[in-house]
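Letters A, B, ... mirror the listed sequences (proteins, then strands); counts begin at 1. A quick note: this is a predicted structure, and the numbers were derived from the prediction, not measured.
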Amino acid sequence: MLSKKDTQYAIDQMGELFPEAECELTHSNPFELLIAVVLSAQCTDALVNKVTPKLFAKYKTPEDYVQVPLEELQEDIRSIGLYRNKAKNIKKLSQSLLEHFDGQVPREREQLESLAGVGRKTANVVTSVAFGEPAIAVDTHVERVSKRLGICRWKDNVRQVEETLMKKIKKEDWSDAHHRLIFFGRYHCKAQAPKCPTCPLLDMCREGKKRMKKSMVEA
DNA sequence: AACTCGGGGCA
DNA sequence: TGCCCAGAGTT
């Protein structure tokens, strides 16, 4: 397992590599962000950003989503995939906001998680990006990078990965670290073809060194 | 823990 | 073509 110091160093290096790392979902308020993040499950931000301009022009409030027929909302987001469930969740979620939160997006992670289509990952993104609360959202990229580098253990579950990251990273860096880990995972430490040969973290990366050794043998 | 939803991107 | 993707809910 990587030490706290090495972990912070790794996060810093990711920042050097991707200084632009931040949430890429287009939104102009917490409610729009919530909708965008719910839509982004299992698809790219670019895809979500293709439908949100029209979507946010048409739907401004939770009431708008509650009132629209399900089939119409499904058609509006058809191109992003998983659209049937996502449309149902957005209608349910909007209803809950009206019933329990006075139509406002709650700040607390636990309250966010009570909403349809919002799990721990989505709740963490919303609370940190929309409200600036410290949180580390663990998605497949964050999990993969953390395990390859040895920040956490290979057999850790998502919850354990999150706890370890929070323990090893200074609280004020959580939000930045979250996005750096994601950019690093998406563009550099990719699932299929990680760029180990040009990686600034190769020296401290167990998985990277293993892969380099393997590629030497195969060559 | 495994399964399902799903169109788009990429090799 | 086949495989994977900024996940969550159900069984």
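The main-chain N or O of A:Ala123 is never found under 3.5 Å from a side-chain atom of A:Thr127 such that the two would form a donor-acceptor pair. Distance alone, capped at 3.5 Å, is enough to place a donor-acceptor pair between the A:His188 side chain and the A:Lys195 backbone. With hydrogens and angles ignored, the 3.5 Å screen pairs a side-chain donor or acceptor of A:Asn49 with a backbone N or O of A:Thr26.
Atom CG in A:Leu25 sits about 12 Å away from atom P in C:dA6, given to the nearest Å. Atom CG in A:Asn124 sits about 13 Å away from atom C1' in C:dG7, given to the nearest Å. Atom NZ in A:Lys86 sits about 14 Å away from atom C1' in C:dG9, given to the nearest Å. The NZ-P distance, from A:Lys88 to C:dG9, rounds to 14 Å in whole Å. Spacing between atom CG of A:Asn49 and atom C1' of C:dA6 amounts to 11 Å, rounded to whole angstrom units. Look at CD on A:Glu143: it is 12 Å from C1' on C:dG7, rounded to the nearest Å.
A salt bridge links A:Glu163 to A:Arg159: at least one charged side-chain nitrogen sits closer than 4.0 Å to a carboxylate oxygen. Taking a cutoff of 4.0 Å between a charged side-chain nitrogen and a carboxylate oxygen, A:Glu133 and A:Arg109 do not qualify as a salt bridge. Looking at A:Lys121 and A:Glu143, no side-chain N of the basic residue comes within less than 4.0 Å of a carboxylate O on the acidic one, giving no salt bridge.
Here, C:dT11 and B:dG6 have their P atoms 16 Å apart, quoted to the whole Å. The separation of B:dC5 from C:dT1, taken at their P atoms, amounts to 23 Å, rounded to a whole angstrom. Spacing of C1' atoms, B:dG8 relative to C:dG9, comes out at 23 Å, to the nearest Å. Distance check on atom C1': B:dA1 versus C:dA6 gives 23 Å, rounded to whole Å.
Using a 30° and 60° split on the angle between ring planes, A:Tyr59 and A:Tyr65 fall in the parallel class, below 30°.
Remark on DNA chain C: of its neighbouring residues A:Asp139 and A:Asn89, the 5'-side contact belongs to A:Asp139, judged by nearest-heavy-atom nucleotide. Nucleotides of DNA chain B nearest to A:Lys50 and A:Ile80 differ in position, and the one nearer the 5' end is that of A:Ile80.
In this structure, A:Lys54 places its NZ atom where only 12 or fewer heavy-atom neighbours from other residues, nucleotides or ligands lie under 6.0 Å away. More than 12 heavy atoms of other shown residues, nucleotides or ligands fall within 6.0 angstrom of atom NZ in A:Lys147.
A distance of 10.5 Å separates CD of A:Gln111 from CG of A:Leu97, quoted to the nearest 0.5 Å. One finds the CG atom of A:Asn85 at 9.0 Å from the CD atom of A:Gln74 (value rounded to the nearest 0.5 Å).
A side-chain N or O of A:Glu99 and one of A:Gln95 form a donor-acceptor pair less than 3.5 Å apart.
Residue-level contact check: A:Asn85 touches the backbone only, with heavy atoms under 4.0 Å from sugar-phosphate atoms and none from bases. Contacts of A:Val37 with the nucleic acid, taken as non-hydrogen atoms under 4.0 Å apart, are absent. Note on A:Leu47: only backbone sugar-phosphate atoms sit closer than 4.0 angstrom, heavy atoms only; bases stay farther off. At a threshold of 4.0 angstrom between heavy atoms, the contacts of A:Leu115 are confined to the sugar-phosphate backbone, with no base atom among them.
Contact footprint of chain A on DNA chain B: nucleotides with an atom under 4.0 Å from a non-hydrogen protein atom, first to last in 5' to 3' order, B:dC5 to B:dG9.
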Measure all distances between protein nitrogen or oxygen atoms and nitrogen or oxygen atoms of nucleotides 3-5 of chain C, and list the pairs falling under 3.5 Å.
{"unit_1": "C:dC5", "atom_1": "O2", "unit_2": "A:Gln42", "atom_2": "O", "d": "3.3"}

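Against DNA chain B, the stretch residues 158-178 of chain A makes no heavy-atom approach under 4.0 Å.
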